[in-house]
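Shown next, in C-alpha cells, is the structure this report addresses.
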There are 2 protein chains.
Amino acid sequence: MVTINDIAKRANVAKSTVSRYLNGGSVSQKTKEKLNQIVAETGYTPNTFAQSLKAKKTNMIGTIIPRLDSYSANEALASIDEELRERNFQLLITNTNQLSAREIESIYSLAKQKVAGILLFATVITEEHKKAITEVGIPVILLGQQAEGFYHIVHEEYQAGYKLGKYATRLGHKDFLYLNVFEADVAVGQLRKNGVLAALKEEKESSVEMVEVSFSFEKAYEQALKLLPTLKATYIFCATDNIALAVLKAAHKLGLEVPTAFSLSGFGGYQITSIVTPSITTVKYAYKELGQVAVQNLIKLLDGEEVPEEVQLTNELIANESTQQY
Amino acid sequence: MVTINDIAKRANVAKSTVSRYLNGGSVSQKTKEKLNQIVAETGYTPNTFAQSLKAKKTNMIGTIIPRLDSYSANEALASIDEELRERNFQLLITNTNQLSAREIESIYSLAKQKVAGILLFATVITEEHKKAITEVGIPVILLGQQAEGFYHIVHEEYQAGYKLGKYATRLGHKDFLYLNVFEADVAVGQLRKNGVLAALKEEKESSVEMVEVSFSFEKAYEQALKLLPTLKATYIFCATDNIALAVLKAAHKLGLEVPTAFSLSGFGGYQITSIVTPSITTVKYAYKELGQVAVQNLIKLLDGEEVPEEVQLTNELIANESTQQY
DNA sequence: GTGAAAGCGCTAACAC
DNA sequence: GTGTTAGCGCTTTCAC
C-alpha cells in the first residue's frame, strides 16, 4: 500500500507538504505538478482511518431504518443515497427489524463508529431515544416522526387524513370503518386518524368504527378476513397502503367486489396501489423529497448552519378505482 | 472522550495491559476486575479508527446493489444484515442505480474504505469487474450472476425455466410468447429462457415468439399495451415478476381477462405476485438463503477457510391463478 | 513555501 | 502477568 510517506520520498519533499497539497494548503506550482504526477502514477489514495483518527470524524452518515423491505423506507433511502453520493458521503444503513431497543443500540453504535450524523426513521420516540440522541452529541434528524426539541422532518399526516376524510364524505358515505395501527405510532396511528375524524365530524350523521390491526400484511389479511363478513360500513379507511392491500386481498378471497361492496383507501402512495385491480385510492407521500431534505439539512447541521427544527412535507390525494360514490 | 490511556492511568497499569484485557490476552484476575469496573464506570469504548489503522482492516462488509427498491435485493439484504449483525459486522450498502460503471467504482471505493469483504449483486460481469475484483485483493462474492474463477452464489436459473416450461406444456399450451430482458444479463436474460425453451422443445408443435422488454415496470407496461392487442399466444412467459405484473396491468387496462385471454407467469416469487388478482404463477427464489450463504461464505473466506467457487440455490414453482389449462 | 516533530488511540513485539 | 517501546498513516503546529 502506498502511503503519504512514499509519495513524499518520491517527490523529495516532506510528508507535511504532501498533506498540504492534498488538503488544499499553499504549495508551489512546481511541487504541485510533481505531486500531481506522482499521485496519478501510484494511484495513491489516503487512508481514511488515519485521517479519521486525527480529524475524529468521518464522511459516513448513519441511517437507521425499521425495515429493509418497506416501500417508503426504500424510496427515501434511494434519495438519501443519491444525495449523499453527490457530497462524497458514505451511507451506513442499520436495520432494526422494528425493534425499538435496537434503535437505541444503533444510535450508540453508529456514534461509536464516528459517523458524522444520523438519520433516524423511528416509529416511536421514547425518552430513551431522546437520551441517546442527546448523549451522542452528533447531529441526528428524525424522519417521519416529530419530537419537540429535536430536528425532524415529517409528512403532513393530519392534512393527509383530512383530505381523505373530506373526499370520502363528498362521495356520500356515512358509515365508516377505520383500520388503524397501534396508537403509540403518533404519525401513522394518531395524526392520520385525527385528520380523517376531523373531516368526518364536519358531516352530520356520519359514524365511524375503529379497529386496530397489524402493520404486517399477513396479519392484517387474517384480521380482514374476520372483519369483512359482518361489515356495515360502506367505506374503509386503512392507516397504511399495506393494510388496504391486505383488505383488498381478503375481499377478493371472500368474493366481495371493491368498490361495489365497499370503498377502500390507504395512505402512502406505494407504487403497488396503482398496479393492483382495482387500483387503490391513497395519499401519495413525498418520500424522495424526505430523503433529499434530510440530507441537505444534516449537511447544513454539520457545517454549523441553522436549520428549522421541523420540516413538513406536503402530500397529494390520489383518487383511484377502489372508491366510488355511495 | 475516554481513551485506553485514561483507563490505564486510572487503573495504574500500562495501556498495553488494558489492550490485552480488551482483546482477551492474559491478565490477572485482580486487574481484570479493576478494569471491568473502570470500563463500566467510564463507558469506554475503543476507537474503531485507531484499531483499524493498526489492523488494516475493519469489521465492515460492503454490499453493492443495483437498486434499493427491488424486492429481491431487499429480501437478500435483510438476511445479509441479520447474518452480519450476529457476527458483529457492519453493513455498508452502496447503491449503483443500475449503472455498471458505478459498480466498478464502488468496488474500488469500498476497498479504499477497507471493508473486510464485498458482496456484489451484479447484472453483467465485465472484464472491468474482474479486473477490479482481482486488484482490490479482498474477498468478493458475486451474487446472482456466475463468473468462472470468481466466487459466486446463484439461483438455479436454468432449472427454474425448465420447470416453468414443463408446467406450461403440461397445461396444454402450444403457442407461447416470451418477454425477455436484454441478453447481456446471463442469469435473467439467458438461463431462464434457455430452460423454458428446452422444456418447450420436448413438446412437438410448440411455437415461441421472443420479444425483449424493459426491466422497468413502466416501460414494460407501455410495451405490453402495444403487444397484447395482436397476441396470438395463449401463454406468456415473463422473464421477471415485475414484467408479469406490467403485463397484467396492461391486460386489465385493455379489458383482457387473465387467465381467460391468456395464461401468464413470471420469475422471482415476489410477495406481490400473490397479492394481485389474479395471483401470478411464478418460481419462488431463495433470496433469504442467498443472503445467508453469502455472509457465511464471506466470513469463511475472511477466516482463510475454503468455500466452493459456486453455490447454486434451488427454487420452487408456485402455480397460481394466472395460468390455466388450454 | 517547506520541513521537523508531535501526536491522534490503538496493537504487538519484546523484555522483564 | 505486566510494562516499555515502536509504530500504523495522517494532520497540524511551529520554525525557518
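In the text below, chain A, chain B and the rest are named by the order of the sequence lines, each starting its count at 1.
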For the pair made of [atom1] in [X] and [atom2] in [N], what is the distance, rounded to whole Å?
X        : N      : atom1 : atom2 : value
A/Lys34  : C/dT2  : NZ    : P     : 9 Å
B/Leu22  : C/dA12 : CG    : P     : 12 Å
B/Lys54  : D/dC8  : NZ    : C1'   : 5 Å
B/Lys15  : C/dC8  : NZ    : P     : 9 Å
B/Gln113 : D/dG9  : CD    : P     : 18 Å
B/Lys9   : C/dG9  : NZ    : P     : 11 Å
B/Lys114 : D/dC10 : NZ    : P     : 9 Å
A/Leu53  : D/dG7  : CG    : P     : 17 Å

Across the strands shown, which category fits [X] at heavy-atom distances under 4.0 angstrom: base, sugar-phosphate, nothing?
X       : answer
B/Asn12 : sugar-phosphate
A/Ser52 : nothing
B/Ser28 : sugar-phosphate

Under 4.0 Å: is that the gap between some side-chain N or O of [X] and OP1 or OP2 of [N]?
X       : N      : answer
B/Asn47 : C/dC8  : no
B/Thr17 : D/dT2  : no
B/Asn5  : C/dC10 : no
B/Tyr21 : C/dT11 : no
A/Ser16 : C/dT2  : no
B/Gln51 : C/dG9  : no
B/Ser26 : D/dG1  : yes

Subject >> Nearest listed nucleotide, side chain of A/Ile4, among D/dG3, C/dC10, D/dT11 >> reply: D/dT11
Subject >> Side chain of A/Arg20 - closest among C/dT2, C/dT11, C/dC10 >> reply: C/dT2
**OP:** Taking atom types as modelled, find out whether B/Ser28 and B/Thr31 have a side-chain donor-acceptor pair closer than 3.5 angstrom.
**Re:** yes
Original post:
Hey, does the side chain of A/Thr17 reach the backbone of A/Val13 with a donor-acceptor pair shorter than 3.5 angstrom?
Top reply: no
Original post:
Between A/Asp185 (side chain) and A/Phe182 (backbone), is there a donor-acceptor pair under 3.5 Å?
Top reply: no
Subject >> Centroid separation B/Phe150 to B/His129 less than 6.0 Å >> reply: no
Original post:
What heavy-atom pair brings B/Glu157 and B/Tyr285 nearest, and what distance separates the two atoms?
Top reply: OE1-OH, 2.6 Å
